[in-house]
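Report on the following structure.
Numbers restart at 1 for each chain; the letters A, B, ... are given by sequence-line order, proteins then strands.
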2 protein chains.
Amino acid sequence: MVPHLTTALSGPLLAIERQFLAELPAIEQWFRGGFSEHTPPFYASTDLRNAGFKLAPVDLNLFPGGFNNLSDDFLPLAVQATQVAIERVCPEAKRLLLIPENHTRNRYYLLNVARLQRILRLAGLEVRIGSLLPEITAPTALEAAEGEHVLVEPLVRRGNRLGLADFDPCAILLNNDLSAGVPPILRGLSEQNVIPPLVAGWHTRRKSHHAEIYARVATDFAEAIGLDPWYLVPAHRVVSGLDFQSKEGEDRLADTASELFAEIRAAYAARGIDQEPFLVVKADAGTYGMGVMTVKDPAELRELSRRQRNKMAKVKEGLEVHQVIVQEGVPTFERLGEAVCEPVVYMIDHYVVGGFYRMHTERGPDENLNAPGMHFEPLRFASSCSLPDSGLAPDAEPNRFYAYGVVARLGLLAAAIEIEELVTRFEEQGEAA
Amino acid sequence: MVPHLTTALSGPLLAIERQFLAELPAIEQWFRGGFSEHTPPFYASTDLRNAGFKLAPVDLNLFPGGFNNLSDDFLPLAVQATQVAIERVCPEAKRLLLIPENHTRNRYYLLNVARLQRILRLAGLEVRIGSLLPEITAPTALEAAEGEHVLVEPLVRRGNRLGLADFDPCAILLNNDLSAGVPPILRGLSEQNVIPPLVAGWHTRRKSHHAEIYARVATDFAEAIGLDPWYLVPAHRVVSGLDFQSKEGEDRLADTASELFAEIRAAYAARGIDQEPFLVVKADAGTYGMGVMTVKDPAELRELSRRQRNKMAKVKEGLEVHQVIVQEGVPTFERLGEAVCEPVVYMIDHYVVGGFYRMHTERGPDENLNAPGMHFEPLRFASSCSLPDSGLAPDAEPNRFYAYGVVARLGLLAAAIEIEELVTRFEEQGEAA
């Protein structure tokens with residue numbers, strides 16, 4: 001069961017996939033070079049959009065949930081990649097403390113935590129789970145989906161070290177995106193390896209920073225393999241000094257949107273793409289799915305309803321939004337039956353270890369498929385992203401999955417550079433707060 | 001379909017598997033340390049023997065054939081491990097020359113070459129195949145099994161570089177065990193990475209050298225995880241100065257065998273193992289399956305028939321045998337129906353990427369299952385060696401496979417040290433010839 005591209009505009013995508021197939025050795029060689037210069041994150045996931053005429057990541061998550069949505073068939077791949085990641089980041093590590101999000105009632109998120117724990121154990125670490133929640137005062141077995149349980153324990157800080165009552169870990173792996181900033185208990189852990197570094201949290205990351213680096217990385221890549229970079233890079237702008245409640249900056253936002261619409265229309269015309277462009281406006285410091293709106297006409301931004309203002313004004317943990325990224329929307333033209341499908345690709349170290357489709361029946365191709373309260377059915381990738389076959393059509397399943405893996409890794413390389421830049425910036429400023 | 005252990009002696013093996021399961025993090029940590037000190041070979045395969053009361057490798061091949069016998073399900077694992085190996089050995093490599101054995105008519109061997117080429121390509125290398133055979137004077141498509149073809153091309157030497165007429169590779173991967181020594185065309189390739197180093201060929205390797213290092217490595221390992229090393233290490237002796245045709249050294253060989261029989265009987269008695277011991281005598285410089293005999297009584301070695309003398313006197317490429325290794329035989333007690341089964345485990349870099357059982361219906365548990373002219377049916381491992389499950393019985397399939405992977409990697413680590421020692425020795429002596 002693989003979603004079908006429902007667009008007639010498969011010409012350019014076929015061209016992308018054909019070029020990826022033809023240039024496979026050059027592509028892998030290019031990534032080898034990139035990831036030898038820039039240390040890959042320990043793990044990441046990325047949401048892709050496949051428009052037929054454009055294939056691009058729309059988000060890159062450095063604290064991936066959803067490992068429970070990957071096929072068990074690829075578990076050995078995840079274990080092996082984790083061994084590589086451990087050897088790179090903390091070869092001496094024996095004990096690892098995993099710090100999850102505070103979603104103690106989301107049974108699917110907890111299943112993700114259980115899967116992660118299993119992968120890390122099989123890679124050869126003793127793994128226990130510490131909670132940032134003050135109400136976890138004793139070891140607590142939380143109920144995860146599929147009848148599994150996750151044992152969550154209270155964190156114990158001892159000087160410069162963080163652990164559990166009877167557990168002193170060598171390394172700490174965050175599966176918590178730090179949207180609300182770095183809790184004091186995580187600061188100043190100078191003796192332990194914190195993965196990823198604290199600056200990779202959403203309290204410091206900016207979508208626009210990632211988007212700029214991604215544009216640079218994907219453009220370099222496209223030029224290296226002889227492809228029009230436009231096929232891989234969504235255009236974007238940043239607008240700051242906004243206050244959605246007082247309407248401050250609204251005109252600037254609408255003007256920027258007009259500009260971007262004009263740019264996209266020109267690009268569509270130049271490539272014979274008969275589509276109505278749309279934009280996605282996102283809180284620059286927002287986390288996944290919050291503070292996001294789709295815009296089909298710049299005028300919409302001058303006529304925001306109170307509900308829309310409220311939605312855009314604050315993101316997770318109640319943070320106010322003053323800066324947004326306005327991005328070229330990439331419609332998703334993959335369908336399975338009535339459902340709109342969006343591929344999500346998982347990576348450990350610089351290896352693609354699996355993925356799934358988010359399938360949604362009640363949303364359109366230009367809507368955000370990862371919104372709060374959104375219900376999706378995961379459709380596990382049935383084959384790996386590393387077995388393209390030039391004997392098959394460029395759009396055959398293994399070849400499409402390979403293309404997803406390539407674009408996902410471009411996002412990953414951008415994240416590697418982004419983290420480097422954040423680490424440098426915060427080292428100059430003192431510790432990230 | 002997994003072979004069953006037909007022995008009642010499963011007590012000790014259960015103990016081995018139980019200990020491996022309990023000590024998983026310590027085991028993986030131990031290997032991380034070992035392979036950070038000693039660079040793993042690019043690839044290897046090892047034949048294991050599972051006696052129920054002992055689990056040990058009986059051979060380690062640094063030029064593995066048989067990649068065609070691995071399940072396609074684990075191909076992504078092999079591709080990913082190959083990417084690690086390339087990054088370690090030749091990160092800059094774009095073009096790789098694969099030099100196979102001269103078995104141009106063995107369609108299964110050629111399918112192995114085709115599989116290897118595919119894995120290397122998917123890992124991101126441009127791969128072509130150069131033949132050492134003088135009769136290959138033009139690119140020749142050889143017929144492999146399963147309807148595949150392998151394009152084999154004549155080697156072209158240019159100064160210090162080896163390649164094809166229109167192909168100048170960065171690295172050369174040998175799938176030829178150099179039994180007859182290093183052909184002149186492979187000597188002095190100072191500008192290219194030759195993998196594995198020439199000294200890893202069977203012209204320089206000695207089984208006894210590997211066995212000594214293996215005994216050391218496996219003993220260290222067993223002590224680290226609290227296991228009796230005897231369960232993993234076959235006893236062995238070396239006898240040199242032999243001439244099978246003139247019967248020179250025959251008495252010394254028989255006396256050594258008597259000694260070893262006494263040692264094994266004592267070890268069996270101490271552990272309550274009710275088995276008749278046997279020995280395997282192998283040409284120390286021999287390659288797989290040649291110059292090998294099974295001995296149940298030292299007297300047999302004083303009464304060799306002419307046929308047996310001829311068999312032992314010469315190995316592959318007609319080399320004379322003057323030194324043998326006498327090894328404790330490890331019976332294989334795995335069966336599927338009537339067939340005797342021997343697991344073969346494949347590794348790339350230090351990762352286990354799959355395996356299969358050699359199944360043979362016409363041989364006994366104490367015979368060599370990899371003899372010339374031997375016919376076996378490969379039975380692909382149905383699951384990976386990296387997913388042990390402590391919720392299952394210690395001898396359940398994923399746990400037995402994990403145990404195989406552990407013992408295989410002990411052999412691999414021994415080979416890593418062996419190659420290091422050979423490289424050092426030959427650097428002291430000048431180039432290996």
Top contributor to chain B contacts, counting heavy-atom pairs under 4.5 Å, from A:D349, A:L122, A:V353:
A:L122
Top of B:R121, B:K94, B:E126 for chain A proximity - count of heavy-atom pairs under 4.5 angstrom
B:K94
Please answer whether the main-chain N or O of A:L77 pairs with a side-chain N or O of B:Q80 as donor and acceptor at a distance below 3.5 Å.
yes
Non-hydrogen atoms of chain A under 4.5 Å away: do they reach the side chain of B:A93, the backbone, both or neither?
backbone
Under 4.5 Å to a heavy atom of chain A? For B:V352 that would be backbone
Could you check B:V79 against A:L387 for side-chain contact (heavy atoms from CB on, under 4.5 Å), going step by step and ending with a plain yes or no?
CA-CA 8 Å; B:V79 170; A:L387 300 182; 4.1 Å; yes
Can you check whether anything in residues 28-40 of chain B gets within less than 4.5 Å of chain A, heavy-atom wise, and list it by number?
B:E28, B:Q29, B:R32
Which distance, rounded to the nearest 0.5 Å, do you find between the CZ of A:R88 and the CD of B:E87?
6.5 Å
For the CD atom on B:E92, are there more than 12 heavy atoms of other groups (residues, nucleotides or ligands in this structure) within a distance under 6.0 Å?
no
B:P91, part contacting chain A, at a heavy-atom distance under 4.5 Å
backbone
